[in-house]
Amino acid sequence: MGKVTSRRAVLTAAAGAAGSALAAGCGGNGDENGGVTEETGPAPSEPPGGRALVATSEIPVGGGKVFEGEKVVVTQPEEGTFKAFSAVCTHQGCTVAGVEGGTINCACHGSKFRVADASVAAGPARRPLPQRQITVESGSIRLH
Ligand code: FES
């Protein structure tokens with residue numbers, strides 16, 4: 001227990017006070033919510049160096065790994081070379097299922113994209129997966 005005041009509670013109280021003052025000022029016939037409840041707190045910002053996604057040791061050479069939550073697929077076409085692409089299939093928007101046999105594979109209709117550059121190895125997709133930006137630092141891959 002104790003006296004804990006959340007940020008939202010403080011904002012709501014402030015908005016309420018503003019609303020009452022306004023209402024009193026113009027005869028109490030106004031819209032109490034007239035836009036004063038909008039929260040304008042600072043948005044959680046990403047760290048400048050991107051955020052840690054995975055250890056390089058978890059990405060197989062010649063293969064890769066799909067991160068569904070981030071909608072990104074990270075590959076290691078050659079030892080020590082890491083690439084990242086959007087995991088959203090360019091055919092109809094499914095999230096690609098996995099990386100196997102040197103290609104990033106979409107289970108929806110069977111499209112395959114090469115691990116080296118996400119170019120199309122097999123349709124029906126016709127466009128490569130867009131590249132995503134990563135940096136590799138001390139054995140860790142960071143997504144930007
Ligand atoms: S959505 Fe990926 S192959 Fe159709």
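Note that ligands are numbered from 1 as they come in the structure, with each ligand's atoms numbered from 1 the same way. None of these values were measured; they are calculated from a predicted model.
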Next on the checklist: Using a strict threshold of under 4.0 Å (side-chain N to carboxylate O), is an ion pair present between Lys65 and Glu58?
Outcome noted: yes

Next on the checklist: Between Arg142 and Ile134, is the side chain to side chain contact (heavy atoms under 4.5 Å, CB included) condition met? List the steps.
Outcome noted: CA-CA 5 Å; Arg142 304 182 74 85; Ile134 49 168; over 6 Å; no

Item to check | Short side-chain to backbone donor-acceptor contact, Ser111 and Ala125, under 3.5 Å | outcome: yes

Checklist entry - Quick one: CD on Glu79 to CD1 on Ile59, what's the gap to the nearest 0.5 Å? => result 13.5 Å

Checklist entry - Which is the closest N/O/S atom of His91 when seen from atom 4 (Fe) of ligand 1? => result ND1

Item to check | SG(Cys94) to SG(Cys106) below 2.5 Å | outcome: no

Item to check | Interfacing atoms of ligand 1 (cut-off 4.0 Å, heavy-atom, Cys94) | outcome: 1 (S)

Next on the checklist: Taking N, O or S atoms only and a limit of 2.8 Å, check whether Cys89 reaches atom 2 (Fe) of ligand 1.
Outcome noted: yes

Checklist entry - Quick one: nearest non-hydrogen protein atom to atom 1 (S) of ligand 1, plus distance? => result Gln92 N, 3.2 Å

Item to check | Numbered atoms and elements of ligand 1 in range of Ser111, under 4.0 angstrom, heavy atoms | outcome: 3 (S)

Item to check | Metal check, atom 4 (Fe) of ligand 1 vs His109 N/O/S, cut-off below 2.8 Å | outcome: yes

